[in-house]
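By convention in this document, chain letters (A, B, ...) are assigned in the order of the sequence lines, proteins followed by strands, and residues within each chain are numbered from 1.
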Amino acid sequence: MWEEGFFMSSVRVRFAPSPTGYLHVGGARTALFNWLFARHHSGVFVLRIEDTDAARSTEAATQVILDALEYLGLDWDEGPGRGGDYGPYYQSQRLNLYKEYAATLIERGRAYECYCTPEELDQRRQEQMKQGRDTRYDGRCRHLSEEERQALKAQGRVPVIRFASLEEGETLVEDLVRGTVTFDNITQVDDFVIFKSDGMPTYNFAVVVDDALMKITHVIRGEDHLSNTPKQIQIYEALGFEPPKFAHIPMILGPDKSLLSKRHGATSVTQFQDEGYLASAMVNYLSLLGWGYDDSQTIFSISELIEKFSIGRVSKNPAVFDIQKLEWMNGVYIRELSLDELYEAALPYWQKAGFLPEEVSAEVKEYALKILKELQTRLKLVADAVDLAQYFFVDDYPYQEEIVQKILTKPQTEDIMNYVHGVIKDAPKLDEEYLKPQFQVGLEKFGIKMGGLIQPIRVALTGTNVSPGIYDVLELLGKERVLARIERTLVMLREKELI
RNA sequence: GCCCCCAUCGUCUAGUGGCCUAGGACAUCGCCCUCUCACGGCGAAGGCAGGGGUUCAAAUCCCCUUGGGGGUACCA
């Protein structure tokens, strides 16, 4: 019915965030869908900043959003820092345009000044609600005479400008994901405000002027905008613009099915970035929120996403944000990284933790790479590399109390430690090939299984009972540190009178 | 209050009238691998919200109910 192929190469979409200081994952998902749609159709992806709320909008707040988009790899073709033929791309710099089109509307009798105060409006609204009617502006300022206007103005009232909406019929929204949605003009589209008394345009008006002037062909946005769409369509028509195609994508919910918000935990892209989520995983996960390809694939590369994405496959129902699945997916992408890539990702975390210096020598990097090789299958977040690798970098690693109690308090502990200490001391090299047979000799001597020997050693060397394979740990640590750690552990155990 | 949207395993989804005794993924549970934890492999449990129609045949189409979400601003 709606063949996307028809719009090949002429597609223009946009993402229009307001600079709130952070990019919500819902916004990121909207940006992603727009971006994928543009790239799929070899179209143009426009970034427009909706900063009409001067109080909230700062340059820094805008930069955070640009940074988040760059982290995700969602590059824009027109917009801040990139220019384009349809600028400016900041709404705050387009005020004259909005005024111009509002004036046009007034000339055509499709907009008028309204002197009702917010208090009066609110009171009437309450009354309507009480009576079980639709809440809408009653149109009382629509046909004011010049004298009446002057009289109202004389009272000190500052007018807003309202749109003179259609007073009959229906407005149809042809939505690419929902089909035709019908709104009754009389009850659903009232004479809404297009210019506030502070001289700024409202969202519903500015968005139409901008999208029309920027030649946007497809408006892909959250479902929360569906109800406002008939208002916007009426403005398009009153201004003589052809409305774009609309696609309202489902909302993103928290585990309790309410709109995903800060109280559900991390919702800002920057936060996920800081916690060590890979952009590839974020993008892949976000792509699956409200979109699916077939009955089996969940892992998609960026190029596959671009190739396979289509609005027709966007689902209609809201999606719950599942952090566990995101974590799993991040692990998948971490495992796909080359060791060098993983190193680049982990380096800042290790530097911040004080494990590595600003300048890393080739030798130390070699060591770090070996550690990463062992850690790779164990990481969910890159940030996990700090906790999981601590004992590889510091010698005064902490001992986990309960683990020590559980594993190092057996009667043979001291003998086992001494035995291993001896083996290590005499070992020509610390690899499995040499050590395993030596350990096996000990097993017979103590009448235990391999785990009975390895676990105490693991706790002694790492302070925990979780680590990569023991021979890898031994080899990485090297003879000197291994011996010192066994001695250190023995001292600790004696001090605490555990042996 | 009024209007709009939505409804398949706990979660994301495949399914567009017969291919469905409903498929996959995450999570959960069990087994295998094994020196711990991961990774990996195998397997299990788990769903068409309810009720009416239409049809030879419905998860798929229609209606109602229920549930969830959104909108209803001089926010965006």
Side-chain angles (χ1 to χ4, degrees), chain A residues 16-18 20 50-53 56 91 114 116-118 121-122 125-126 128-136 158-162 173 175 177-178 181-184 187-190 192-204 206-207 222-231 248 250-251 253 255 257-259 285 288-299 313 315-329 331 335 374-380 388 403 407 436 439 449-455 457-459 462 464-471 473:
Chain A
S18 52
T20 51
E50 311 222 322
D51 58 348
T52 47
D53 190 340
R56 278 199 302 206
Q91 284 193 329
C114 168
C116 299
T117 65
L121 260 13
D122 191 53
R125 193 160 31 234
Q126 298 297 333
Q128 288 171 332
M129 225 183 262
K130 236 166 67 185
Q131 292 175 8
R133 292 192 285 136
D134 303 285
T135 52
R136 57 200 312 276
V158 184
V160 298
I161 298 174
R162 285 185 183 273
V173 178
D175 193 274
V177 349
R178 275 147 229 283
V181 183
T182 307
F183 293 86
D184 184 90
T187 60
Q188 293 321 114
V189 184
D190 70 348
F192 56 97
V193 174
I194 60 174
F195 252 89
K196 300 182 268 180
S197 55
D198 68 357
M200 296 300 274
T202 60
Y203 168 76
N204 280 131
V207 75
E223 200 201 324
D224 48 339
H225 291 285
L226 182 56
S227 294
N228 283 323
T229 307
K231 293 179 182 173
H248 289 94
M251 303 275 80
L253 275 25
K257 307 268 184 135
S258 67
L259 259 199
Y285 180 70
L288 260 24
L289 247 30
W291 177 83
Y293 183 62
D294 61 15
D295 63 351
S296 61
Q297 194 173 358
T298 52
I299 299 297
R313 292 198 66 89
S315 72
K316 295 187 253 214
N317 37 349
V320 172
F321 191 83
D322 182 359
I323 190 77
Q324 280 188 312
K325 190 161 184 172
L326 207 212
E327 279 183 6
W328 162 78
M329 196 170 273
R335 274 169 248 136
E374 298 308 323
L375 256 32
Q376 192 161 26
T377 61
R378 289 164 238 261
L379 296 174
K380 272 205 164 74
L388 292 182
I403 304 299
I407 295 176
K436 196 169 183 180
F439 286 171
K449 290 186 180 168
M450 198 51 113
L453 182 143
I454 286 178
Q455 279 302 75
I457 297 305
R458 170 171 283 120
V459 179
T462 70
T464 83
N465 62 342
V466 172
S467 86
I470 198 68
Y471 301 107
V473 174

Peer 1: For the residue pair A:Y285 and A:W328, establish whether any side-chain heavy-atom pair is separated by less than 4.5 Å.
Peer 2: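 Counting from C-beta outward, A:Y285 and A:W328 never come under 4.5 Å.
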
Peer 1: Which part of the nucleic acid does A:R136 contact within heavy-atom distance under 4.0 Å: base, sugar-phosphate only, or nothing?
Peer 2: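 The answer is nothing, as A:R136 stays clear of every strand by at least 4.0 Å.
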
Peer 1: So A:D294, base contact, sugar-phosphate only, or nothing? Heavy-atom distance under 4.0 Å.
Peer 2: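 Since only primed, P, OP1 and OP2 atoms lie under 4.0 Å of A:D294, the category is sugar-phosphate.
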
Peer 1: Taking only the side-chain heavy atoms of A:Q188 (C-beta and beyond), determine which of B:rA76, B:rC2, B:rU72 contains the nearest atom.
Peer 2: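 Among the listed nucleotides, the one closest to the side chain of A:Q188 is B:rC2.
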
Peer 1: Strictly below 4.0 Å: does A:R458 bring a side-chain N or O up to OP1 or OP2 of B:rC37?
Peer 2: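 Answer is no, no contact under 4.0 Å.
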
Peer 1: My understanding is that a pair needs two contacts under 3.5 Å, Watson-Crick or G-U wobble. By that rule, which nucleotide pairs with B:rC48?
Peer 2: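 Because no pair has both required distances under 3.5 Å, B:rC48 counts as unpaired.
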
Peer 1: Counting heavy atoms from C-beta on, name the nucleotide in B:rC35, B:rG69, B:rA73 closest to the side chain of A:M251.
Peer 2: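 Nearest to the side-chain atoms of A:M251, counting from C-beta on, is B:rG69.
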
Peer 1: Taking the C1' atom of each, how far is B:rU11 from B:rC74, in whole Å?
Peer 2: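 About 41 Å, rounded to a whole number of Å.
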
Peer 1: Paired with B:rG1: which nucleotide, if any, by Watson-Crick or G-U wobble criteria at under 3.5 Å for both distances?
Peer 2: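 When the pairing criteria are applied, B:rU72 turns out to be the nucleotide that pairs with B:rG1.
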
Peer 1: With the side chain counted from C-beta on, respond yes when A:T187 and A:R133 share a heavy-atom pair under 4.5 Å apart, and no when they do not.
Peer 2: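 They are not in contact (no side-chain heavy atoms under 4.5 Å apart), so the answer is no.
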
Peer 1: Could you tell me whether the side chain of A:T464 reaches within less than 4.5 Å of the side chain of A:V459, counting heavy atoms only?
Peer 2: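 Answer no - side chains too far apart.
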
Peer 1: Which value, in whole Å, describes the distance between the C1' atoms of nucleotides B:rU8 and B:rG43?
Peer 2: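 Rounded to whole Å, the distance is 24 Å.
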
Peer 1: Counting only heavy atoms from other residues, nucleotides and ligands, does the tally under 6.0 Å from OH of A:Y471 exceed 12?
Peer 2: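 It does: A:Y471 OH has more than 12 such atoms within range.
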
Peer 1: Does B:rG67 pair with anything, Watson-Crick or G-U wobble, both distances under 3.5 Å, and if so, with which nucleotide?
Peer 2: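 Pairing partner, where one exists within any strand: B:rC6.
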
Peer 1: Contact class for A:Y471 vs. all strands (heavy atom < 4.0 Å): base, sugar-phosphate, or nothing?
Peer 2: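 A:Y471: base contact, heavy atoms under 4.0 Å.
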
Peer 1: Quick one: on RNA chain B, does A:Q297 or A:K231 contact a more 5' nucleotide (nearest heavy atom)?
Peer 2: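 Residue closer to the 5' terminus by nearest nucleotide: A:Q297.
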
Peer 1: Name the nucleic acid region contacted by A:P318, choosing base, sugar-phosphate or nothing; use a 4.0 angstrom heavy-atom cut-off, strictly under.
Peer 2: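 Here A:P318 touches the backbone only, sparing every base.
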
Peer 1: Any N or O donor-acceptor pair linking the side chain of A:T298 to the base of B:rA25 at under 3.5 Å?
Peer 2: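 Checked by distance alone, the answer is no.
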
Peer 1: Side chains of A:T229 and A:F183: closer than 4.5 Å at any heavy-atom pair?
Peer 2: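 When only atoms from C-beta onward are counted, A:F183 and A:T229 do not touch, as no gap falls below 4.5 Å.
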
Peer 1: For nucleotides B:rU54 and B:rG1, find the distance between their C1' atoms and express it as a whole number of Å.
Peer 2: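 Approximately 35 Å lies between the C1' atom of B:rU54 and that of B:rG1.
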
Peer 1: Is there side-chain contact between A:R458 and A:V473, with at least one heavy-atom pair below 4.5 Å?
Peer 2: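 No, side chains not in contact.
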
Peer 1: Considering every strand and a 4.0 Å limit on heavy-atom distances, what is the contact class for A:G132: base, sugar-phosphate, or nothing?
Peer 2: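 Sugar-phosphate: the residue A:G132, judged by heavy atoms under 4.0 Å, touches backbone atoms but no base.
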
Peer 1: When you measure from the side chain of A:E223, which nucleotide among B:rC5, B:rC74, B:rC37 comes out closest?
Peer 2: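 Nucleotide nearest to A:E223's side chain: B:rC5.
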
Peer 1: 5'-most contact on RNA chain B: A:S197 or A:R133, nearest heavy atom basis?
Peer 2: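 Going by which nucleotide is closer to the 5' end, it is A:R133.
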
Peer 1: Which of the following nucleotides, B:rC3, B:rC39, B:rC35, is nearest to the side chain of A:F183?
Peer 2: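 Nearest listed nucleotide: B:rC3.
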
Peer 1: So does A:R125 get a side-chain nitrogen or oxygen closer than 4.0 Å to the phosphate oxygens (OP1/OP2) of B:rU72?
Peer 2: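 No, outside the criterion.
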
Peer 1: With rounding to whole Å, what would you report as the distance between B:rG24 and B:rC37 at their P atoms?
Peer 2: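 Comparing P positions in B:rG24 and B:rC37 gives a spacing of 28 Å.
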
Peer 1: Counting any heavy atom closer than 4.0 Å, what does A:G331 reach on the DNA or RNA strands: base, sugar-phosphate only, or nothing?
Peer 2: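 The residue A:G331 makes no contact with any strand.
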
Peer 1: What's the gap between B:rC9 and B:rA45 when it is taken at their C1' atoms, as a whole Å value?
Peer 2: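 My reading of the C1' atoms in B:rC9 and B:rA45 gives 10 Å.
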
Peer 1: Does a side-chain N or O of A:N317 approach OP1 or OP2 of B:rU8 to a distance below 4.0 Å, or not?
Peer 2: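 Yes, such a contact exists.
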
Peer 1: Describe the nucleic acid contact of A:L259 in one word from base, sugar-phosphate, nothing, applying a heavy-atom distance below 4.0 Å.
Peer 2: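 Touches sugar-phosphate only.
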
Peer 1: May I ask you to say what A:I470 touches in the nucleic acid, namely base, sugar-phosphate or nothing, with a heavy-atom cut-off under 4.0 Å?
Peer 2: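 Touches a base.
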
Peer 1: So if I take every side-chain heavy atom of A:W328 and compare against B:rC12, B:rC35, B:rC26, which nucleotide ends up nearest?
Peer 2: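 It is B:rC26.
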
Peer 1: Which part of the nucleic acid, if any, lies within contact of A:P468, taking any heavy atom under 4.0 Å across all strands shown: a base, the sugar-phosphate backbone alone, or nothing?
Peer 2: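 Here A:P468 touches the bases of the nucleic acid.
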
Peer 1: The side chain of A:D322 is closest to which nucleotide in this list: B:rC35, B:rC26, B:rA73?
Peer 2: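 Selected nucleotide (nearest to the side chain): B:rC26.
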
Peer 1: Scan A:S315 against the nucleic acid and name what it touches under 4.0 Å (heavy atoms): base, sugar-phosphate only, or nothing.
Peer 2: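 Sugar-phosphate only.
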
Peer 1: Assess whether one donor atom and one acceptor atom, taken from the side chain of A:R378 and the base of B:rC37, lie less than 3.5 Å apart.
Peer 2: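 Answer yes: a donor N or O sits under 3.5 Å from an acceptor.
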
Peer 1: In Watson-Crick or G-U wobble terms, both distances under 3.5 Å, what is the partner of B:rU54?
Peer 2: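 Across all strands, not a single nucleotide pairs with B:rU54.
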
Peer 1: Measuring only between side-chain heavy atoms, which start at C-beta, is A:V181 closer than 4.5 Å to A:H248?
Peer 2: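 Heavy-atom side-chain distance check fails, nothing below 4.5 Å.
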
Peer 1: For atom C1', what is the distance between B:rU16 and B:rA59, given to the nearest Å?
Peer 2: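 Result for the C1' pair: 11 Å, nearest Å.
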
Peer 1: Distance criterion of 3.5 Å, no angle test: do you see the side chain of A:T135 paired donor-to-acceptor with the base of B:rG1?
Peer 2: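 Check passes, donor-acceptor contact within cut-off.
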
Peer 1: In terms of side-chain heavy atoms of A:L226, which of B:rG69, B:rC4, B:rA76 is nearest?
Peer 2: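 Among the listed nucleotides, the one closest to the side chain of A:L226 is B:rC4.
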
Peer 1: Can you figure out which of B:rA14, B:rA76, B:rU11 approaches the side chain of A:R313 most closely?
Peer 2: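 The closest nucleotide is B:rA14.
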
Peer 1: Stacking check: are the rings of A:H248 and B:rG70 less than 5.5 Å apart at their centres and under 30 degrees in tilt?
Peer 2: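 It does not: the two rings, one from A:H248 and one from B:rG70, miss the stacking criterion.
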
Peer 1: Nearest to the side chain of A:A319, which nucleotide is it out of B:rU13, B:rC74, B:rU11?
Peer 2: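 In terms of side-chain proximity for A:A319, the closest of B:rU13, B:rC74, B:rU11 is B:rU13.
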
Peer 1: Distance criterion of 3.5 Å, no angle test: do you see the side chain of A:K316 paired donor-to-acceptor with the base of B:rA7?
Peer 2: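 Counting by modelled atom types and ignoring angles, no donor-acceptor contact under 3.5 Å is found here.
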
Peer 1: Quote, to the nearest angstrom, the C1' distance that separates B:rG10 from B:rU28.
Peer 2: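 Approximately 9 Å lies between the C1' atom of B:rG10 and that of B:rU28.
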
Peer 1: Just the rounded figure in Å: distance from P of B:rG71 to CG of A:N228.
Peer 2: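 Taking atom P of B:rG71 as the reference, CG of A:N228 is at 8 Å.
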
Peer 1: Any strand counts, and the cut-off is 3.5 Å on both contacts for Watson-Crick or G-U wobble. Which nucleotide pairs with B:rC29?
Peer 2: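 With both distances under 3.5 Å, B:rC29 matches B:rG43.
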
Peer 1: Within the 4.0 Å heavy-atom criterion, would you say A:V160 contacts the bases, only the backbone, or no part of the nucleic acid?
Peer 2: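 Base contact.
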
Peer 1: In whole angstrom, give me the gap between the P atoms of B:rG67 and B:rA73.
Peer 2: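 Each nucleotide's P atom is 25 Å from the other's.
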
